[in-house]
Colleague: 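This is the structure I want to talk about, given as structure tokens.
Every heavy atom of this structure was used, including side-chain atoms; hydrogens, water molecules and symmetry mates were not.
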Protein chains: 2
Amino acid sequence: MKKSMTITEIAKEAGVSKSTVSRVLNNKSDVLPGTKERVLRVIREHQFQPNAYARSMSQRRSRTIGVVVPHDIDYVFQNQYYMEIQRGILKAMTKRGYYALMLCCRDMKEAFDAVLQKRVDGLLLISPLYEHTPYINELLEHHVPLVLIGKSPASQQVYQVCIDNYMGALSAMQHLFGLGHRRIAFINGPHFLPSSEERRRAYLDGMARQGNAVLPGMVREGYNSIDSGYQIANQILNEFPDVSALFVASDYMAIGVLDTIHDRGMRIPQDISVVGFDNIQMSEQVTPSLTTVSQQIEEKGRISVNLLMDLIEGAPTPEGRVIDVEAKLIVRDSTGPVSSRQPDSPWKTHHIAL
Amino acid sequence: MKKSMTITEIAKEAGVSKSTVSRVLNNKSDVLPGTKERVLRVIREHQFQPNAYARSMSQRRSRTIGVVVPHDIDYVFQNQYYMEIQRGILKAMTKRGYYALMLCCRDMKEAFDAVLQKRVDGLLLISPLYEHTPYINELLEHHVPLVLIGKSPASQQVYQVCIDNYMGALSAMQHLFGLGHRRIAFINGPHFLPSSEERRRAYLDGMARQGNAVLPGMVREGYNSIDSGYQIANQILNEFPDVSALFVASDYMAIGVLDTIHDRGMRIPQDISVVGFDNIQMSEQVTPSLTTVSQQIEEKGRISVNLLMDLIEGAPTPEGRVIDVEAKLIVRDSTGPVSSRQPDSPWKTHHIAL
DNA sequence: CTGAAAGCGCTTACAG
DNA sequence: CTGAAAGCGCTTACAG
């Protein structure tokens, strides 16, 4: 690499001290306009930019944030959710002049190292799992600026930006109820995601509130992939041919479910309705487009980054540690009124009886 | 953040000079085993890790690589291709102890800044466009260690890791020819991607070699999204109902094409065959699974990172500047022999047969 | 084998 | 308004 200039050389060439160059660089107020202009010209001439790490040393801050994705890299990088989160994050960081160091490590070792080595001013943790709780608490004890995206059972002192999974899932159920569906199956995400439990609860509560029976095989767990959605929907429809709607806890799985239904020669939504969860971009592009619960992915990224930067800079931050972003139901083409071929099913009568 | 220890404090506590601590930290040979042990104990006791930026300053290298994605962030982050590339990159970097700074900027300004500020030891440029050529050449003049992933018409001095798009596309065409297809339409990617031209050439050459006519509307350009594949396939099938196969220059578009065909009541591959390009993970998960040309995405990420790190460390690197990774055809369920009535009979009979 | 000193390229009080 | 000096936390010759 070409040797680049230093502040000392700029100072010499501009005929001032490096203190003055530093003042110009940092836009301090008290520099004579003439001096400032002279220094700026030399800086521009050489395309000079100060060494970021020298700067970090004396300012003891790096303007760098660690973006931690504590999952198996193979799992994460096939999931649009993480990509959209990253998008929100990078956009907001760039806007405020911060840099993002990517830290991909299930055991969070790299993240700890980056903190101990002072590479980062703070950490953003995407979708923590149960197993990360002790690490999170340890970071808090060290007073590392930290924001989680997604819910975690860790210390209540940690900031977490999340949607209300329970209410989001419930709104999906109510949408289906409103369309007359009663026989609704549920495909949940992996049990190791803290969000899965809440969505499950909403499904069960919703069904119970409507007085709808939930048979054991009607609730199943997938791995958030298209393929697992495809498989599980087949199992469900084999066992419960009278199911009129499926609520699926992730869009990827829901897209697999669409395939299943297609392949079984049924129409969506005339024969079966499907609701997803996440609102990844793809959910709008598939055919039929998917009714789903928006996670406000990009928005969460934006909010959490700004919160973290405020934390780092000592700017005022909200009192409450949990920042809730509304989970909005997005109605598209994969849901419709329950089919008229269903009325003779026992559950329908059941509903009317209610 | 909790104030962390410095090498000086470790030295005092271990009763040695900081030079010695530094030697232990860097695993230099000439330290008395006893001394070394004593220092190591203190280091472990305090979980000490040296300040990375202080280190960067004296060593004048940061062990950080800029991963540049010079595209509109909205475009990139809906594309699994970039995610899988990142995966290969991060895996390889972690293994060699480097860190990744994410630089997302169409105009490459942030990338230049990171270089001028000495934040990074080198750059990895993902899928350069035509418009980036002058920037690439400028970086080369400054002797910035640089590796491109994907082809670029920039200076022949730059290392580029890519697949042979022409041969890859040709193998797809030959696969279709082998199955008896003659009436093959082509949906290309955006013209601003350097790869699009090569794939187009392969399609045209293949068709010409077989003596197959290519009517103007049989070659179209999409935007690499599922939705654009869906739309364009509809246009093509409206205009050319006798097309028996589509070669689609990206898996996303190909997935949209599958939807189109489904929606028109035709079967894949019995009525129409579809070949994609990229081999993103999703291509294996859709139904039917997609025959496609593998870009060896993760492999390219791995190779390019290792090449860049060798370049940075002054290790020997290959003579040739273009590292070609083989583009392999992956045959799955979306292609099959041309239907017996294809050559001249119209589609209608088929439709009704359903 | 080990330590004292200089240096990496900045910023930040402290004088004036 | 500006400069000289000290300091950030390391590494790296240079002595011994």
Colleague: Is it true that the side chains of Asp310(B) and Thr317(B) contain a donor and an acceptor less than 3.5 Å apart?
Modeller: no

Colleague: Would you say Glu13(B) and His46(B) are linked by a side-chain donor-acceptor pair, where the criterion is simply a distance under 3.5 Å?
Modeller: yes

Colleague: Taking any heavy-atom pair under 4.0 Å as a contact, classify Ser56(B): base, sugar-phosphate, or nothing.
Modeller: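 The answer is nothing, as Ser56(B) stays clear of every strand by at least 4.0 Å.
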
Colleague: Report the stems of DNA chain D as range-with-range entries sorted by first number; a stem here is at least three consecutive pairs, Watson-Crick or G-U wobble, both distances under 3.5 Å, and write none if there are none.
Modeller: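 If one scans DNA chain D for consecutive Watson-Crick or G-U pairs, the stems found are C:1-3 with D:14-16, C:5-12 with D:5-12, C:14-16 with D:1-3.
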
Colleague: For the pair Glu37(A) and Arg44(A), find out whether any cationic side-chain nitrogen is under 4.0 Å from an anionic carboxylate oxygen.
Modeller: yes

Colleague: Is the backbone N or O of Ala54(A) less than 3.5 Å from a side-chain atom of Ser58(A), with the two atoms forming a donor-acceptor pair by type?
Modeller: yes

Colleague: What nucleic acid atoms does Lys36(A) come within less than 4.0 Å of, heavy atoms only: base, sugar-phosphate, or nothing?
Modeller: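 Lys36(A): no heavy atom of the nucleic acid under 4.0 Å.
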
Colleague: Distance under 4.0 Å to a non-hydrogen atom of chain B counts as contact; along DNA chain C, which nucleotides mark the start and end?
Modeller: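 Going 5' to 3' along DNA chain C, contacts run dC1(C) to dG9(C).
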
Colleague: State whether the side chain of His132(A) and the backbone N or O of Ser127(A) hold a donor-acceptor pair below 3.5 Å, judged by distance alone.
Modeller: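 The answer is no, because no donor-acceptor pair under 3.5 Å joins these two groups.
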
Colleague: Using heavy-atom distances to pick each residue's nearest nucleotide on DNA chain C, tell me which of Thr35(B) and Ser4(A) is more 5'.
Modeller: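 Result of the comparison: Thr35(B).
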
Colleague: Identify the residue among Ile136(A), Val67(A), Val69(A), Ile149(A) that makes a side-chain contact (heavy atoms from CB on, under 4.5 Å) with Leu125(A).
Modeller: Ile136(A)

Colleague: Answer yes or no for Arg63(B) and Tyr99(B): cation-pi contact, defined as NZ/CZ to six-membered ring centre under 6.0 Å and angle to ring axis within 45°.
Modeller: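 No; the conditions do not both hold, so Arg63(B) does not lie above the ring face of Tyr99(B).
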
Colleague: Give a yes-or-no answer on whether the side chains of Arg119(B) and Asn51(A) include a donor-acceptor pair shorter than 3.5 Å.
Modeller: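 Result is no, nothing qualifies.
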
Colleague: Of Met57(A) and Lys28(A), whose closest DNA chain C nucleotide lies nearer the 5' terminus?
Modeller: Met57(A)

Colleague: Charged N to carboxylate O below 4.0 Å: is that the case for Glu299(B) and Arg302(B)?
Modeller: yes

Colleague: Roughly how far, to the nearest 0.5 Å, is OG1 of Thr64(B) from NZ of Lys118(B)?
Modeller: 13.0 Å

Colleague: Under a 4.0 Å heavy-atom cut-off, which of residues 6-22 of chain A touch DNA chain D?
Modeller: Val16(A), Ser17(A), Ser19(A), Thr20(A)

